[in-house]
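Protein chains get the first letters and strands the later ones, always in sequence-line order, with residue 1 at the start of each.
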Number of protein chains: 2
Amino acid sequence: MRKINLDEPICSVDYAFKRIGGKYKGRIIWYLNAHVVMRYGELRRAIRDITPKMLTQTLRELEDDKLITRKVYHEVPPKVEYSLTETGAELIPFIDHLRQWGDRQIEKEKLNPILC
Amino acid sequence: MRKINLDEPICSVDYAFKRIGGKYKGRIIWYLNAHVVMRYGELRRAIRDITPKMLTQTLRELEDDKLITRKVYHEVPPKVEYSLTETGAELIPFIDHLRQWGDRQIEKEKLNPILC
DNA sequence: CGGAATCCGTTAAGATACTG
DNA sequence: CAGTATCTTAACGGATTCCG
């Protein structure tokens with residue numbers, strides 16, 4: 001996700017989807033909002049179906065995009081904390097809206113929900 | 001997009017992203033809301049970078065998902081009209097939120113915007 | 001602990017040509 | 001007009017192993 005051509009004009013709906021599309025971005029942003037700050041391992045346990053590769057890759061993209069910040073503690077064992085930036089936090093109302101809509105649909109379709 | 005396993009439990013953020021993810025879904029829903037009803041050719045002209053294959057494929061997914069309806073007029077030349085369902089229309093406030101956020105970011109990054 | 005590296009399969013998307 | 005069909009490419013995501 002997020003290979004935005006700087007020269008080509010882009011429409012804002014398209015742009016926004018490029019920035020938050022991808023299999024795990026929504027959930028990562030959502031969890032970081034709920035927990036304020038989370039370590040790598042915490043995120044990994046929270047998103048059970050994610051592999052380290054995808055977690056790292058997604059976190060990097062979000063960081064490059066300035067939606068999250070990454071704070072490294074140079075100690076042994078290493079410790080890295082992730083949290084939302086202000087820009088990232090601005091997405092919360094929208095993700096929440098989406099989540100509520102998703103909840104209603106899951107109920108309608110009688111699917112098997114789990115908590116985000 | 002949207003290959004939801006009916007047996008596995010799913011979180012609502014994830015679920016919602018599956019249903020509206022995909023390169024063109026956001027824009028199609030947005031345009032259908034603005035124009036109320038649009039023909040195939042109109043959508044094609046509105047979304048200039050879409051190929052007929054992707055347009056048809058995306059419209060079918062949205063239809064299967066009951067986010068849009070497809071009305072065929074059996075006449076010559078053929079005429080097909082697309083419009084939002086009630087469920088699809090429920091997504092508008094959230095897409096609008098995302099669009100506004102996208103606008104701000106585009107301005108910040110000094111990108112080259114075009115109207116949605 | 002928090003990754004990086006490599007390999008590989010799957011899925012999404014694009015190009016192009018054709019049709020009822 | 002509103003699509004299909006076929007082929008190819010590119011992006012996404014997973015599994016596994018290893019490292020400071």
Review point. Pairs in or reaching into residues 29-42 of chain B: which pass side-chain hydrogen bond (donor to acceptor under 3.5 Å, both in side chains), with residues at least two apart or in two chains?
Key: B:Y40-B:T56
Exercise for review: Would you give a per-nucleotide map of nucleotides 14-20 of chain C, 5' to 3', where B means the base has a protein non-hydrogen atom under 4.0 Å away, S means only the sugar-phosphate does, and - means neither?
Suggested key: BB----B
Review point. Do NZ/NE/NH1/NH2 and the carboxylate oxygens of B:R70 and B:E81 come within less than 4.0 Å?
Key: no
**Study point:** Inter-end axis angle, the helix from C:dC1-D:dG20 to C:dG20-D:dC1, with every axis fitted to five base pairs (rounded, 10 degrees)
**Key:** 60°
Exercise for review: Indicate, with a heavy-atom threshold strictly under 4.0 Å, whether A:Y73 touches base, sugar-phosphate, or nothing.
Suggested key: nothing
Exercise for review: Tell me who clusters with A:V36, hydrophobic residues only, linked when side chains sit under 4.5 Å apart either directly or through other members.
Suggested key: A:V37
Check your understanding: Using a side-chain heavy atom cutoff under 4.5 Å and only I, L, V, M, F, W and Y, what cluster partners does B:I114 have?
Key -> none
Exercise for review: Scan side-chain atoms only and decide if B:T85 and B:T69 contain a donor-acceptor pair under the 3.5 Å cut-off.
Suggested key: no
Check your understanding: Should the heavy atoms of other residues, nucleotides or ligands under 6.0 Å from CD of B:Q100 be counted, would the total exceed 12?
Key -> yes
Exercise for review: Please determine if a side-chain N or O atom of A:R39 lies less than 4.0 Å away from the OP1 or OP2 oxygen of C:dG2.
Suggested key: yes
Check your understanding: Taking only residues two or more places apart in sequence or in another chain, which ones pass salt bridge (Lys or Arg N to Asp or Glu O under 4.0 Å) with A:R44?
Key -> none
Point to revise | Distance test, side-chain N/O of B:R60 to OP1/OP2 of D:dG3, below 4.0 Å | key: yes
**Study point:** Pairing of B:E109 and B:R104 as salt bridge, 4.0 angstrom limit
**Key:** no
